[in-house]
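Only heavy atoms go into these numbers, but all of them, side chains included; no hydrogens, no water, no symmetry mates. This structure is a prediction, so every number in the text was calculated from the model and none was measured. Throughout, a chain's letter reflects where its sequence line sits, starting with A, and its residues are numbered from 1.
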Number of protein chains: 2
Amino acid sequence: MSRASDRAYGTIREMIMSGEFAPGDALGEEALAERCGVSRTPVRDALRRLEADMLITRTGTQRSFVADWSLDDIADVFELRAMLEGYAAQRAAERMDDDTLKALRACNAELRKAVSTSPPNVDLFLERNREFHALILESAASRKLVALLASVIEQPVVWRTAHHYGEEELRRSCSEHDEVLAAFARRDGDWAEAIMSSHIRRAFHAYADAHRGLTAIDKSGRMRMA
Amino acid sequence: MSRASDRAYGTIREMIMSGEFAPGDALGEEALAERCGVSRTPVRDALRRLEADMLITRTGTQRSFVADWSLDDIADVFELRAMLEGYAAQRAAERMDDDTLKALRACNAELRKAVSTSPPNVDLFLERNREFHALILESAASRKLVALLASVIEQPVVWRTAHHYGEEELRRSCSEHDEVLAAFARRDGDWAEAIMSSHIRRAFHAYADAHRGLTAIDKSGRMRMA
DNA sequence: GGGTTCCATATTGTATACAATTCGAGTCGG
DNA sequence: CCGACTCGAATTGTATACAATATGGAACCC
């Protein structure tokens, strides 16, 4: 898309992701426009996209605020992701061709490489991991599924805390990917669905455990994301 | 939201739904603005929303076209809807309170009333049916699920063809709703999920059968929506 | 003190003008 | 006849000005 609108989107998104804006903070169009060096018009576009991403919420009068997520909300998103990615894996298994399978194997090999160093290269891991899941999603061949998962997959919270994964968790992820590949090789949709769903669920609990250790949860059940 | 932007959204949506614009038609902002009696600014807002609804698609250079749906695409959407509504029903069953259950029973009673006349009052049926499913979705208490289902639930194709349901299908829908309610009354999440999922799947096949009888499918596998 | 009304201010909605880009027809050369 | 190129027309992107509306606090009444 266009330059200014994209820059606004990226800039605001980054500010939210990095925690520069805390959940609940008000986001005025004028202020954002100045901060991004563009006019309000592309900012409004960006805000619409960010709303779709659920990174911001809007009041009845269209005022924007940084979304805040309760632990329940986060669990919720992971649950949906587990379901949708499981479904994607099932469809992918039924449609898998040998070329894609080879590509997935290569991708997971690189994942292993990222983990084998010490300390592990987490950024590379995340990039390859994203690629792995993207390949599967593509193989699922469902336009709507792509749209749904896109809105669920890149959540701010998850993104920021992936760095807290331990080496053991990273390694286990690779093993689970292997099992997904085995299911693909046998075109076993149910197996692929089950293992993928469980893969995502484990990721959530790893996240929740790590996060519980790092941040306090106040009496209302909300946790600080910053 | 604001008046002009809403009017643009509603007007364009209606034009697509009614078939005034055929799938594949180009939608210029200027032309739409004039047709809606507003300027391009609110039209651009509306187009963004319609894109999220997947009622229109956009090229790499942001030109807009009325989306066209293959039979596979439609099957796809129903499959996702079956999964998501099944999940919603499961969560709803686990959280169901007596007041909501009573409201659902009343709602289904009205559904029956809409069917009992001859000819059946299809508009009333659709309205109450929407209410029934909305109540369940609300009880599921998942913000993200609401967002996902919203983008899947009101598809143009489905909406327009619901009128083709036969009296027998309408009656069966009520019975299936009864079974969902029975599952709710027992707080049996798995049962609720299974019956709801099957409810949606049956709706799809009823739609597909009715539609196959009414419209031709050309050699590319695409079907006319108008 | 608690609540209400009112108004200045801030914020969002819309229209319009203009810049940047894209599309496609027509042309030229092979 | 086909393909690459060019340029005018059409379309989208952005900035800005102004209108409409919401917000928050001060003044006010009970």
Discussion item. Arg95(A): which residues meet the salt bridge (charged side-chain N to carboxylate O under 4.0 Å, His left out) condition with it, sequence neighbours left out?
Written reply: none
Practice prompt. Whole angstrom is fine here: how far is it from CZ in Arg7(A) over to C1' in dT14(D)?
Written response: 12 Å
Fill in: DNA chain D-proximal residues of residues 31-40 of chain B, any heavy atom under 4.0 Å
Arg40(B)
Discussion item. Between Asp76(A) and Arg143(B), does any side-chain N to carboxylate O distance fall below 4.0 Å?
Written reply: no
Worksheet entry | Spacing between Glu51(B) atom CD and dT12(D) atom C1', to the nearest angstrom | 14 Å
Fill in: Asp98(A): salt bridge (charged side-chain N to carboxylate O under 4.0 Å, His left out) partners, not counting sequence neighbours
Arg187(A)
Discussion item. Just to verify, what does Arg63(A) make a salt bridge (charged side-chain N to carboxylate O under 4.0 Å, His left out) with, not counting sequence neighbours?
Written reply: none
Worksheet item: Is there a side-chain polar atom (N or O) of Thr61(A) under 4.0 Å from OP1 or OP2 of dT23(D)?
Response: yes
Worksheet entry | Atom-to-atom span, CG of Asp6(B) to P of dA20(D) - whole angstrom | 17 Å
Worksheet item: Pick the nucleotide of DNA chain D nearest each of Thr59(A) and Ala4(A); which residue has the one closer to the 5' end?
Response: Ala4(A)
Practice prompt. Consider the side chain of Arg44(B), meaning its heavy atoms from C-beta on, and name the nucleotide among dT16(D), dT12(D), dT14(C) that approaches it most closely.
Written response: dT12(D)
Item to complete: Apply side chain to side chain donor-acceptor pair (under 3.5 Å) to Gln90(B) and list each qualifying residue two or more places apart in sequence or on a separate chain.
Response: Asp190(B)
Worksheet entry | Lys/Arg-Asp/Glu bridge criterion (N-O < 4.0 Å) met for Arg35(A), Glu20(A) | yes
Practice prompt. Round to the nearest Å and state the distance from Arg58(A) atom CZ to dT12(C) atom P.
Written response: 8 Å
Worksheet item: Once you round it to whole Å, what is the distance between C1' of dG13(D) and CG of Asp45(B)?
Response: 14 Å
Just the atom pairs and distances: protein N or O near nucleotides 4-11 of chain C's N or O, under 3.5 Å.
{"from": "dT11(C)", "atom 1": "O4'", "to": "Arg63(A)", "atom 2": "NH2", "distance (Å)": "3.1"}

Item to complete: Taking ring-ring contact (aromatic ring centres under 6.0 Å, His included) as the test, write out the residues that go with Phe132(A), two or more places apart.
Response: His177(A)
Practice prompt. Could you tell me which residues satisfy ring-ring contact (aromatic ring centres under 6.0 Å, His included) with Phe204(A), sequence neighbours excluded, listed by chain and number?
Written response: Phe78(A)
Discussion item. Tell me every residue that passes side chain to side chain contact (heavy atoms under 4.5 Å, CB included) with Glu131(A), counting only those two or more places apart in sequence or in another chain.
Written reply: Cys107(A), Arg128(A)
